[in-house]
Novice: 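I'd like to ask some things about the structure below.
We count residues from 1, following the sequence as given. Note that ligands are numbered from 1 as they come in the structure, with each ligand's atoms numbered from 1 the same way.
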Amino acid sequence: MRFRRLPWDAERVFVSSTAGDWLILRHDELEQVIAGTLDPNTPLGADLQARHLIAADPSRTTLAPLLSQVRSRKQCLQHGPSLHIFVVSLRCHHSCAYCQVSRAESTQTAFDLSDANAALAVERLFEWPSPTLTVEFQGGEPLLHFEQVRAITERIQQRNRHEGRNMRFVLASTLHDLNDDQLAFFREHSFQLSTSLDGPEWLHNANRPRPGRDSYARTVAGIERARSALGEDSVSALTTLTQRSLGAPREIVDEYRRLGFHSIFLRPLSPYGFARKTGPRIGYALAHFFEFYREALEQILAVNRSGYALEEAYASLILSQLLTPFSHGYVDLRSPTGAGLGAVVYDYDGQAYPSDEARMLAAMGDRTFALGHVAQSVREWLAAPAMQRVLDAGVAEALPGCADCAFVPLCGADPIDHYARQGDTCGHRPSSDFCRKQLGFFDLLLERMEHANAQDRAVLESWALPQRRDAPPQTEVA
Ligand code: SF4
């Protein structure tokens, strides 16, 4: 049993089991549990036993139910990486200050994935054992090298005739300049499209400069074209939040509602790519982010009360951890880490990485996490020092700080993020922004659930259910 004092109520504690069952107790009740004086026949004693937080009679207790729950939570480990990111080009029209990718000018075709490397990457894809493979095309702007998207997809589909995997295709794009030929191709192969929308026009255009200052109009036109060709649910969107965005929580939420989205993903900035260089100008403290987030969440709940279903995607991930026994599989929030175990990236130059963040670090000159080249086998990648380094610090339950944390069964290890922020894959949790963010989300959502009326509580609970939740976009759109 691990515990954490509630920041909003000093008299009570959050306690959790190894498998992630939890309960909120009064402090004096926890002291009775620890002293062994709590009567197991009281309602509280029965509740604690049902959640595997205590075993009243060790001679009649088995660990089997607890182990079975741990197995359910870690189910995403069973088949290896299912998310495969193909970076078909670094080229992009935009020059966003927070870009996480080292983009290239839109005419620099030297930054395109070659045919030979694309063919090898498809060979590697099928070396992984997962029965379900999600192939996400990314950039830069992947539509600037659409012919390679087409060639890879067709090669995969052809190979899959005898492989028999469940294939899912995603394109992370600005959706600018989508044409009918591309849309017909996406319809034929049931693509899901993922785009970036930072909020209302003034904000989106300020965050995402491009020649003509028309990024917002082009994105909205792309969303509309995609929806009419592929269906209303074919496009998901996520925001990147700059300092400027933090002043507009309600406007951002209202924009998503106005454009007919049922999911919004409010993401703080990451310390990669151009965001690292421009951080002092466009970045902010996490405390400021959470002020923004609280207000945005209230607006989202108000939208739901008006009868329109809208979820916040990161809250849904945290709530699914808190309220269900299942694994959500989101690669940034897993223990063992999702880097290389849940996702693999095939970069434009044929290099492979265990995560998008590892690729971004390499683009900044730090190749610590490069697994190898697509000409090598997956077996060689897994034996690479880079993978060893990721795995050494990849289990949250074994990390200093996390090992004692009550949220650890529900949290994740992110060794590459800690390396990027703190220069060390294990990281130092008390000063880690990743940890502060996680603690902030757990505390905020537990408190909000506790203070919610029946209607708001039902909304928050519904976000936790997998069948209702759209998978949030996993990666950045340039
Ligand atoms: S990252 Fe922080 S919140 Fe998550 S398990 Fe580790 S110490 Fe707890």
Novice: Tell me whether the NZ or CZ atom of R124 lies within the 45° cone about the ring axis of Y346 and under 6.0 Å from its centre.
Specialist: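 Judged by the rule (NZ or CZ under 6.0 Å from the ring centre, within 45° of its axis), R124 is not positioned above Y346.
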Novice: Which of these, F442, F3, W8, F407, sits in a ring-ring contact (aromatic ring centres under 6.0 Å, His included) with F14?
Specialist: F407
Novice: Which protein non-hydrogen atom lies closest to atom 4 (Fe) of ligand 1, naming both residue and atom, and how far is it?
Specialist: C411 SG, 2.4 Å
Novice: Any N/O/S atom from C402 (main chain or side chain) under 2.8 Å of atom 6 (Fe) of ligand 1?
Specialist: yes
Novice: Just wondering, are more than 12 heavy atoms of other shown residues or ligands nearer than 6.0 Å to CG in D39?
Specialist: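 Yes.
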Novice: Only heavy atoms of V408, strictly under 4.0 Å: list the atoms of ligand 1 that pass.
Specialist: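 Here the atoms of ligand 1 in question are 5 (S).
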Novice: Hydrogens and angles aside, do E141 and T174 bring a side-chain donor and acceptor to less than 3.5 Å of each other?
Specialist: yes
Novice: Around atom 2 (Fe) of ligand 1, find the nearest protein heavy atom and jot down its residue, atom name and distance.
Specialist: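 Going by distance alone, atom 2 (Fe) of ligand 1 is nearest to C435 SG, 2.4 Å.
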Novice: Are E447 and R294 ion-paired here, with the side-chain N under 4.0 Å from a carboxylate O?
Specialist: yes
Novice: Heavy-atom contacts with L439 under 4.0 Å: which atoms of ligand 1 show up? List them by number with element.
Specialist: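 Contacts of ligand 1 toward L439, numbered from 1: 3 (S).
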Novice: Show me which atoms of ligand 1 lie under 4.0 Å from any heavy atom of C405.
Specialist: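 It comes down to these atoms of ligand 1: 3 (S), 5 (S), 7 (S), 8 (Fe).
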